[in-house]
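Contents: one structure, followed by commentary.
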Protein chains: 2
Amino acid sequence: MIVKSQIKLIRSLHQKKYRNQLGLFFVEGRKTINELLTSRFELNSLYETEEGLIGSKDIRPEIISQDELKKISALTTPSGCLAVFKIPEVQSINSDNWIVALDEIRDPGNLGTIIRLCDWFGVTDLVCSANTVDCYNPKTVQASMGSLARVNVGYTDLSQFLANSDLPVYGAFMEGHSVYKSDLPEKAVLVMGNEANGISPEIESLISDKIAIPQFGKQSTESLNVATASAILLSEIRRR
Amino acid sequence: MIVKSQIKLIRSLHQKKYRNQLGLFFVEGRKTINELLTSRFELNSLYETEEGLIGSKDIRPEIISQDELKKISALTTPSGCLAVFKIPEVQSINSDNWIVALDEIRDPGNLGTIIRLCDWFGVTDLVCSANTVDCYNPKTVQASMGSLARVNVGYTDLSQFLANSDLPVYGAFMEGHSVYKSDLPEKAVLVMGNEANGISPEIESLISDKIAIPQFGKQSTESLNVATASAILLSEIRRR
């Protein structure tokens with residue numbers, strides 16, 4: 001059973017405005033929920049359509065009907081469980097490692113995939129420009145597959161952040177220097193730009209090293225998607 | 001103006017069954033349409049909501065209204081133009097290069113991203129198991145960003161294809177040998193597996209070299225998404 005006021009509250013969390021106002025976000029999918037339950041994230045409420053899908057003997061979800069779940073879910077085919085967590089405080093940034101910075105990433109799926117990549121490649125801090133899509137967007141949470149629990153995502157004035165950073169600032173550009181032939185230090189910032197327009201001119205002026213992924217196909221090929229480009233660059237950074 | 005029967009025909013192309021029956025598929029977005037117009041793909045019909053969006057002086061689109069476009073589009077926010085093309089014949093496979101093979105990829109966006117990656121990294125042939133999502137699915141076409149024009153995508157009995165191939169068969173596995181330390185030949189097949197289950201046991205028995213992308217984050221991290229894993233492996237293959 002889920003009361004009407006709670007349905008209304010969770011439905012409001014589909015929108016960024018109310019997530020920020022209430023300091024809450026929601027997650028769907030068994031694997032992701034179970035990962036967040038064992039993380040620093042604080043649980044608000046937990047729902048499942050059948051007993052035993054999620055939780056433990058200390059954490060008992062409310063059992064709700066398929067129809068009730070449909071009312072609160074963001075998925076066309078809800079996965080049987082949904083959890084509401086508090087949005088955690090952003091932690092201070094560790095400048096002793098590579099940091100990924102995003103300049104106006106718009107697609108929630110791309111952001112989620114990049115969070116998952118940071119987690120895989122041991123990047124603990126992701127700094128986003130204020131106009132980057134919200135990391136608690138349901139589609140971002142979905143695509144991040146629980147990696148949100150291990151990557152510290154913060155939103156800030158990106159140009160100010162880069163201007164104040166002591167680290168070298170690498171940026172992905174179509175016309176940059178081949179990443180395969182670039183010197184990559186032990187710690188630095190890697191800036192990835194907007195899906196359609198790349199890195200903005202304001203941020204470009206703060207980049208110390210422009211890098212690119214060489215193209216092996218025909219010249220007419222579109223640029224790479226920002227998430228796949230991030231994958232390749234992070235792999236190169238860690239491989240060495 | 002677009003006649004009712006044509007609206008009905010294009011709407012039917014949202015489904016694989018009718019795409020195969022009619023040998024047609026549709027594309028949206030100016031950039032992708034213009035790329036396909038200059039490729040080996042044969043045009044069936046072309047629509048735009050304002051003059052001059054797409055086409056050339058030889059190829060004149062029909063002007064249709066926003067409401068008409070909405071009726072035939074697969075997008076929530078249609079992009080102003082739509083083209084119907086004939087599905088081209090699959091070309092014979094070039095075994096003198098790396099070939100990517102997909103074992104039951106289900107997500108149309110992942111397939112589109114992999115087609116775009118093949119194009120970027122000069123892989124001209126993509127062999128898909130019969131149960132892989134259709135490459136003419138509107139979401140796949142969208143994510144491939146015109147690369148469909150340059151990558152030869154075929155569907156076949158994958159185990160038969162691998163059994164008959166003289167090339168070494170590499171496969172991506174969580175527990176494979178680090179790709180960074182693997183010998184990678186000049187030509188081979190790279191098999192990528194299903195999003196949830198990886199490479200199936202039947203296909204696994206045909207793999208000669210299991211490779212993996214080492215993980216640098218904490219051990220609990222989810223596996224990488226199949227499109228980002230493909231990006232990293234193709235980058236490694238071409239870098240050398």
Side-chain angles (χ1 to χ4, degrees), chain A residues 29 31-32 34-36 38-39 97-98 107 109-110 112-124 143-151 174 178-181 195-196 213-240, chain B residues 29 31-32 34-36 38-39 97-98 107 109-110 112-124 142-151 178-181 195-196 213-240:
Chain A
K31 224 165 168 174
T32 310
N34 278 332
E35 275 203 59
L36 295 195
T38 57
S39 75
N97 188 359
W98 275 81
D107 181 84
N110 281 340
T113 306
I114 292 171
I115 294 170
R116 193 169 163 192
L117 281 164
C118 285
D119 188 22
W120 185 270
F121 285 112
V123 170
T124 50
S144 77
M145 300 288 283
S147 290
L148 256 177
R150 289 174 297 271
V151 178
M174 287 293 283
S178 165
V179 65
Y180 304 137
K181 295 173 184 162
E195 287 90 345
I213 300 160
Q215 186 175 337
F216 295 83
K218 290 178 190 132
Q219 280 313 313
S220 50
T221 311
E222 247 306 307
S223 68
L224 286 171
N225 161 285
V226 65
T228 53
S230 302
I232 294 166
L233 295 176
L234 287 172
S235 168
E236 269 304 295
I237 286 167
R238 289 306 189 208
R239 178 180 66 78
R240 314 255 178 116
Chain B
K31 224 166 169 172
T32 310
N34 278 331
E35 275 203 59
L36 295 195
T38 57
S39 75
N97 188 358
W98 276 80
D107 181 85
N110 281 340
T113 306
I114 292 171
I115 294 170
R116 193 168 163 192
L117 282 164
C118 285
D119 188 21
W120 185 269
F121 286 111
V123 170
T124 49
Q142 206 66 31
S144 76
M145 300 288 281
S147 291
L148 256 177
R150 290 175 296 271
V151 178
S178 165
V179 65
Y180 304 137
K181 295 174 184 161
E195 288 89 345
I213 300 160
Q215 184 175 339
F216 294 84
K218 291 179 189 128
Q219 281 312 312
S220 49
T221 311
E222 246 305 307
S223 69
L224 286 170
N225 162 284
V226 65
T228 54
S230 302
I232 294 166
L233 296 176
L234 287 173
S235 167
E236 269 305 295
I237 287 167
R238 288 307 189 208
R239 180 179 66 78
R240 313 252 178 116

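Excluded from the calculations below are hydrogen atoms, water molecules and symmetry mates; all remaining heavy atoms, backbone and side chain alike, are included. We name chains A, B, ... by the order of the sequence lines, and we start the count at 1 in each one.
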With chain A, which of B:Lys31, B:Met145, B:Arg238 has the greatest number of heavy-atom pairs at distances under 4.5 Å? B:Arg238
Counting only non-hydrogen atoms closer than 4.5 Å, does A:Ile213 touch chain B with its backbone (N, CA, C, O), its side chain (CB onward), both, or neither? both
So for B:Thr113, is it side chain, backbone, both, or neither that comes closer than 4.5 Å to the heavy atoms of chain A? side chain
Distance check, rounded to the nearest 0.5 Å: B:Tyr180 atom OH versus A:Glu236 atom CD? 7.5 Å
Contacting moiety of A:Lys181, where chain B heavy atoms sit under 4.5 Å: neither
Set of residues satisfying side-chain hydrogen bond (donor to acceptor under 3.5 Å, both in side chains) with respect to A:Thr228, sequence neighbours excluded: none
Working to the nearest 0.5 Å, report the span between OG of A:Ser147 and CD1 of A:Ile114. 12.5 Å
What residues form a side-chain hydrogen bond (donor to acceptor under 3.5 Å, both in side chains) with A:Asn225, not counting sequence neighbours? A:Asn110
Most heavy-atom pairs under 4.5 Å with chain B, out of A:Ala227, A:Pro214, A:Ala229, A:Gly146, belong to A:Pro214
Is a side-chain N or O of A:Arg150 found less than 3.5 angstrom from the main chain of A:Gly122, in a donor-acceptor match? no
Any idea which of A:Thr32, A:Ile232, A:Val123 has the most non-hydrogen atom pairs under 4.5 angstrom with chain B? A:Ile232
